[in-house]
Protein chains: 2
Amino acid sequence: MPIPIIFRMIVYNMSATTGTIHELESQRTMADKAYEQLKNAIIRGDLAQGSKITEEDLAAEFGFSRGPIREAIRRLEGMKLVVRVPHAGARVVTLSHQMMSDLYTVRESLEGMSARLAARSMSKEKIEELRALLDQHEQKIAEADGKNYFQSEGDFDFHYRVAQASNNEWLIQHLFGELYQLVRMCRYQTAKRPRRPVTALMEHRQILEAIARHDEELAELLMRRHISGAWEVIKPLLPREEKENHD
Amino acid sequence: MPIPIIFRMIVYNMSATTGTIHELESQRTMADKAYEQLKNAIIRGDLAQGSKITEEDLAAEFGFSRGPIREAIRRLEGMKLVVRVPHAGARVVTLSHQMMSDLYTVRESLEGMSARLAARSMSKEKIEELRALLDQHEQKIAEADGKNYFQSEGDFDFHYRVAQASNNEWLIQHLFGELYQLVRMCRYQTAKRPRRPVTALMEHRQILEAIARHDEELAELLMRRHISGAWEVIKPLLPREEKENHD
DNA sequence: TTAGTAATAATTGTCAACAATTTGCGGCTT
DNA sequence: AAGCCGCAAATTGTTGACAATTATTACTAA
C-alpha cells in the first residue's frame, strides 16, 4: 500500500512483537526535543535576535551530543528562524521591517486562498462549530479584558480552522508550519498587550458569514483585508532599519 | 552590521590570511553535493517514486559517510521531495493527484500575488527586457517546434522574472525553492513532449501587458488563470489513485 | 494449516574523536 | 607606526563505532 503523502506522520506500531500500540509521543527523538525547545526559546525571545548559536554550547546545555543539536538547527534553518552561513555558524534570525512586510504579503495571499477554499467546501457542521468558537472568543474578550490570550490563541484557532476547512495540506503546511512561527515571534517581541481583539473578532465574523454564504470572492477579499489590516497595526512597532545588535 | 536576512548566503572570505577571495562554489560541503545529486535524481526519475532510501546505501554509493547523506535527506524532506517516518526510514515522494492539485492551488495564489506586485512596481527597463525575452521564446518555438526546451526553461524564466520583479524574497523562496521542484518533477515524469508552448506564450504576453499597464487586478487574474490552465493540462496525465508501486 | 511469539537482521538515532575551515591575535617587515 | 603574514584558538564538517528501534523470519502451539 502506498505511503501517506507529503507530510511527516507518526505511525502506529502494530507489529506482533508486543501487541501494544506505542504512544504517539513516546518516540520523540532528542533532535525533536531540542528543536522544540530552541524554537520556543527563539520565538519568545529568550534567545535574542541575531545572537550566535554554537552547536557545542547548546550540546553542553541540553546534555546530549552535537548530532541532534545539529539536526535541530538545520530544521530551524528550514523554518527560517535561524540563518546559517556554511562554515561560519548560525545566528537567530533578525526580524526586519522588510522581511515581515514580505511575509505578511505572502500570508495575505495564502490566507485569502484559504478563505476562498473554505467558502467553497466547508460543511454546515464545521461552520456552526466555528460560529460557536467565535462566541467563546467574544466571551473571553469580555471577561479578561486586558489579557493578550485571545490574540495569541484565539486568532490562531480561527485562522487554523479556516485553513483546515480548505482541505489543502500545502496551504496548512505553509501557513502554520513556516510563516506562523515568525508571526508568533513577531507578536511576542513587539508588544505584549493585546492589539485589537474586538476589531479582529468582528472581521472574523464577517469572514465566516461570507464563507457560510459560499461567497468565495467576498471571503477571499475580507480575509485579505483582515491580514493587511493586522499588518498595518504591527508595522509601526517594528524598527525601520537596524544599525547594530548582533551578539 | 546586521546579518543578511532570511536566506542562506555564501560569504566572501576577506581575512588577511591569504589575501585571496575564495571562490564562491569552492566551499561546497559534501552534504551540498549529495543534496544536489539526489535532488536531480529524484526529479528526473532516476530514483523511482516511492522507492526506499537508506542512508547506508547512499553513503556507500557516494563514497562518504552517513552524516552528510543524512543531512541531505533532511533537506530533501524539507523540500517535500522525500517522506520520512521517524525510526522507519525515508522514501521518495509519490506524486498523487490530490497532492499536485493542492500544490497548484497554492501556486495559483502565490503566482497571482507575484504578478500583482510586479504590476505595482516593475520598472520600464525590466518590462522591456521581459518583452525581449518573450520574443526570444517565440523564435525558439518557431525554430525547434518539437522540443520541450521552451516549456522547461522558458516558462521558468518568465515566472521567475515576474517573481523577481515582485521584490519579495518570501515569494521567490516559496515559489522557486519549494513548490517549483515538485512542478519540475511532475513535468519530467508525466510526459516528455512540450505541452502547449504557443498558448503559454500568448498568456505570458497578456500578463506582461497587464503588468506594463500597472493593472494589478488584471495581472493577478490573468496569472491565476494561466496557472489553473496549466493544471488542467497536467491533471489528466496524473494517476487518479495508485494501488501499488513502492519499492 | 494458521495464529501468535520470540529471536534475528536491518536501519535509524546517538555519540565521541578527528579533520577541515574560519576567525582572531601577535609578531615581523618595511 | 602601519600593514601584511603566519600561527593558534574556536567552530563547523566528517567519520566510524555503538545503542535503540523497527521490520522480518523462523518456530512453536493450537
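Naming: A, B, ... by sequence-line order, numbering from 1 per chain. It should be emphasised that the depicted structure is a prediction, and the values quoted were computed from it without experimental measurement.
A/G67 comes within 4.0 angstrom of no nucleic acid atom, judged by non-hydrogen atoms across all strands. Across all strands, B/I73 comes closer than 4.0 Å to no nucleic acid atom at all (heavy-atom distances).
Using a 30° and 60° split on the angle between ring planes, B/H97 and B/W231 fall in the tilted class, from 30° to 60°. Ring orientation note: the planes of A/Y180 and A/F176 are tilted relative to one another, at an angle of 30° to 60°.
Look at CD on B/E56: it is 14 Å from P on D/dC18, rounded to the nearest Å. The distance from atom CZ of B/F64 to atom P of D/dT14 is 8 Å, rounded to the nearest whole Å. Note: CD1 (B/I69) to P (D/dG13) measures 16 Å, nearest angstrom. Here D/dT14 presents its P atom at 16 Å from CG of B/L58, a figure rounded to the nearest Å. With rounding to whole Å, A/M30 atom CE is found 14 Å from C/dT12 atom C1'. Here the C1' atom of nucleotide C/dC15 and the CZ atom of A/F62 are 17 Å apart, to the nearest Å. Put simply, CD on B/E71 is 11 Å from C1' on D/dT12, counting in whole angstrom units. Counting to the nearest Å, the C1' atom of C/dA10 and the CD1 atom of B/I53 are 17 Å from each other.
Of the side-chain N and O atoms in A/T29, none sit less than 4.0 angstrom from OP1 or OP2 of C/dT12. Contact between the side-chain N/O atoms of B/R84 and the OP1/OP2 oxygens of C/dT11 is not found at any separation under 4.0 Å. Between B/R70 and D/dG13 there is no side-chain polar atom (N or O) within less than 4.0 angstrom of OP1 or OP2. Of the side-chain N and O atoms in A/R66, none sit less than 4.0 angstrom from OP1 or OP2 of C/dC18. Close to C/dT12, at under 4.0 Å from its OP1 or OP2, lies no side-chain N or O of B/T54.
A salt bridge is absent between B/E71 and B/R74: the closest approach of a Lys/Arg side-chain nitrogen to an acidic carboxylate oxygen does not fall below 4.0 angstrom. Contact check on A/K33 versus A/E36 returns no salt bridge, with no Lys/Arg side-chain nitrogen under 4.0 Å from an Asp/Glu carboxylate oxygen. The pair B/D32-B/R75 counts as a salt bridge, with a side-chain nitrogen and a carboxylate oxygen less than 4.0 angstrom apart.
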